[in-house]
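What follows is a set of notes on a single structure, which appears directly below.
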Amino acid sequence: DVQLQASGGGLVQAGGSLRLSCEASGFTFDDYAIGWFRQAPGKEREGVSCISTNDALTRYADSVKGRFTISSDNAKNTVFLQMDSLKPEDTAVYFCAALNRGSFHYSAGCDPPLYYYWGQGTLVTVSS
């Protein structure tokens with residue numbers, strides 16, 4: 001079975017840091033891109049960052065550029081999202097999801113409807 005296990009969320013003060021992890025199983029990790037998405041109450045799910053695990057091509061939403069860093073440890077089938085300089089507006093449930101590598105390279109950004117394997121979310125709360 002395909003599984004994406006997100007972890008690492010929590011409560012942090014503004015300006016602080018968190019590192020989210022997404023551990024994948026049940027598919028060939030190198031053949032997929034992994035994305036991080038978030039959904040705040042009353043808002044649509046949005047793409048935060050995504051990475052092609054084969055060639056480490058990365059993309060970021062403008063709102064997180066310079067503050068968040070996505071990386072992949074292919075030996076552990078895990079993608080990380082290092083979140084620094086957190087702001088209250090980063091508060092949301094964060095999800096990771098997978099998309100085949102070919103579709104990733106033919107698309108732009110990190111578009112949630114394109115991703116078809118989803119994990120459960122992890123809550124990030126940033127207090128002011």
Side-chain angles (χ1 to χ4, degrees):
D1 290 349
V2 171
Q3 288 192 351
L4 293 163
Q5 183 75 32
S7 61
L11 173 64
V12 64
Q13 288 188 333
S17 298
L18 283 174
R19 188 174 85 152
L20 305 184
S21 300
C22 176
E23 184 174 0
S25 61
F27 58 91
T28 304
F29 191 72
D30 290 359
D31 288 343
Y32 284 79
I34 303 293
W36 283 101
F37 305 85
R38 65 187 181 187
Q39 188 164 18
K43 295 189 177 180
E44 292 187 355
R45 190 170 298 187
E46 63 173 348
V48 175
S49 182
C50 45
I51 184 169
S52 173
T53 59
N54 179 261
D55 55 14
L57 176 66
T58 60
R59 297 171 183 165
Y60 295 91
D62 288 343
S63 59
V64 306
K65 280 181 182 176
R67 300 189 298 121
F68 291 10
T69 304
I70 192 169
S71 61
S72 175
D73 184 339
N74 289 18
K76 296 181 179 180
N77 286 6
T78 301
V79 168
F80 303 99
L81 185 68
Q82 177 67 40
M83 305 187 296
D84 299 318
S85 302
L86 283 161
K87 304 175 181 180
E89 52 263 43
D90 295 318
T91 295
V93 177
Y94 284 70
F95 302 86
C96 60
L99 169 69
N100 73 74
R101 192 175 70 216
S103 296
F104 176 84
H105 284 284
Y106 278 103
S107 64
C110 310
D111 190 10
L114 297 179
Y115 288 71
Y116 42 82
Y117 294 144
W118 287 84
Q120 91 295 347
T122 185
L123 176 63
V124 172
T125 304
V126 184
S127 63
S128 58

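The shown structure was predicted, so the numbers you read here are calculated from the model rather than taken from an experiment.
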Can you sort out the partners of Gln3 under side-chain contact (heavy atoms from CB on, under 4.5 Å), two or more places apart, ordered by chain and number? Ser25
Aromatic ring pairing Trp118/Phe37, orientation class (parallel under 30°, perpendicular over 60°, tilted between): tilted
Is a side-chain donor or acceptor of Tyr60 paired with a backbone partner of Ile70 at a separation under 3.5 angstrom? yes
What one should report as the nearest heavy-atom pair of Ala92 and Ala40 is CB-N, 3.8 Å
Kindly state each residue pair satisfying side-chain hydrogen bond (donor to acceptor under 3.5 Å, both in side chains) with at least one member in residues 84-96, sequence neighbours excluded. Ser17-Asp84, Arg38-Asp90, Arg38-Tyr94, Arg67-Asp90, Gln82-Asp84
Cluster overlap Met83 with Leu11, hydrophobic side-chain contacts below 4.5 Å: no
Residues 106-114, side-chain donor-acceptor partners within the protein, below 3.5 Å, at least two apart:
{"from": "Ser107", "atom 1": "OG", "to": "Ser103", "atom 2": "O", "distance (Å)": "3.1"}
{"from": "Ser107", "atom 1": "OG", "to": "Phe104", "atom 2": "O", "distance (Å)": "2.9"}

Could you tell me whether the side chains of Asn54 and Ser52 share a donor-acceptor contact shorter than 3.5 Å? no
Heavy-atom side-chain contact between Phe29 and Val79 under 4.5 Å: yes
Working to the nearest 0.5 angstrom, can you tell me the gap between Thr69 OG1 and Leu81 CG? 8.0 Å
Following the transitive rule for hydrophobic clusters with a side-chain heavy-atom cut-off under 4.5 Å over Ile, Leu, Val, Met, Phe, Trp and Tyr, establish whether Val126 and Phe68 coincide in one cluster. yes
Whether Asn74 side chain and Asp30 backbone form a donor-acceptor pair below 3.5 Å: no
Ile34 and Ala98: which non-hydrogen atoms are nearest, and at how many Å? CD1-CB, 3.7 Å
Just to verify, what does Lys65 make a salt bridge (charged side-chain N to carboxylate O under 4.0 Å, His left out) with, not counting sequence neighbours? Asp62
Is it the case that the side chain of Thr78 and the backbone of Asp73 share a donor-acceptor pair, with hydrogens and angles ignored and the cut-off at 3.5 Å? no
Considering non-hydrogen atoms only, spot the tightest contact between Tyr115 and Ala33 and give its length. CE2-O, 4.1 Å
So, for Thr122 and Leu20, which heavy atoms are closest and what is the spacing to 0.1 Å? CG2-CD2, 4.1 Å
To the closest 0.5 Å, what do you measure between OH (Tyr117) and OH (Tyr32)? 4.0 Å
Using salt bridge (charged side-chain N to carboxylate O under 4.0 Å, His left out) as the criterion, list what pairs up with Arg101, not counting sequence neighbours. Asp31
Give me the atom names and distance for the closest heavy-atom approach of Gly121 to Val93. CA-CG1, 3.6 Å
Is there side-chain contact between His105 and Asp55, with at least one heavy-atom pair below 4.5 Å? yes
Are Val64 and Trp36 connected in the hydrophobic side-chain network, where two residues link if heavy atoms are under 4.5 Å apart? yes
Does any part of the side chain of Leu4, heavy atoms only, come nearer than 4.5 Å to the side chain of Phe27, both counted from C-beta? yes
Any pair counted as salt bridge (Lys or Arg N to Asp or Glu O under 4.0 Å), so long as it reaches residues 4-21, sequence neighbours left out: none
Identify the two heavy atoms, one from Val2 and one from Gly26, that lie closest to each other, and give their separation to 0.1 Å. CG2-O, 3.7 Å
Just by distance, do the side chain of Tyr116 and the backbone of Asn100 share a donor-acceptor pair under 3.5 Å? yes
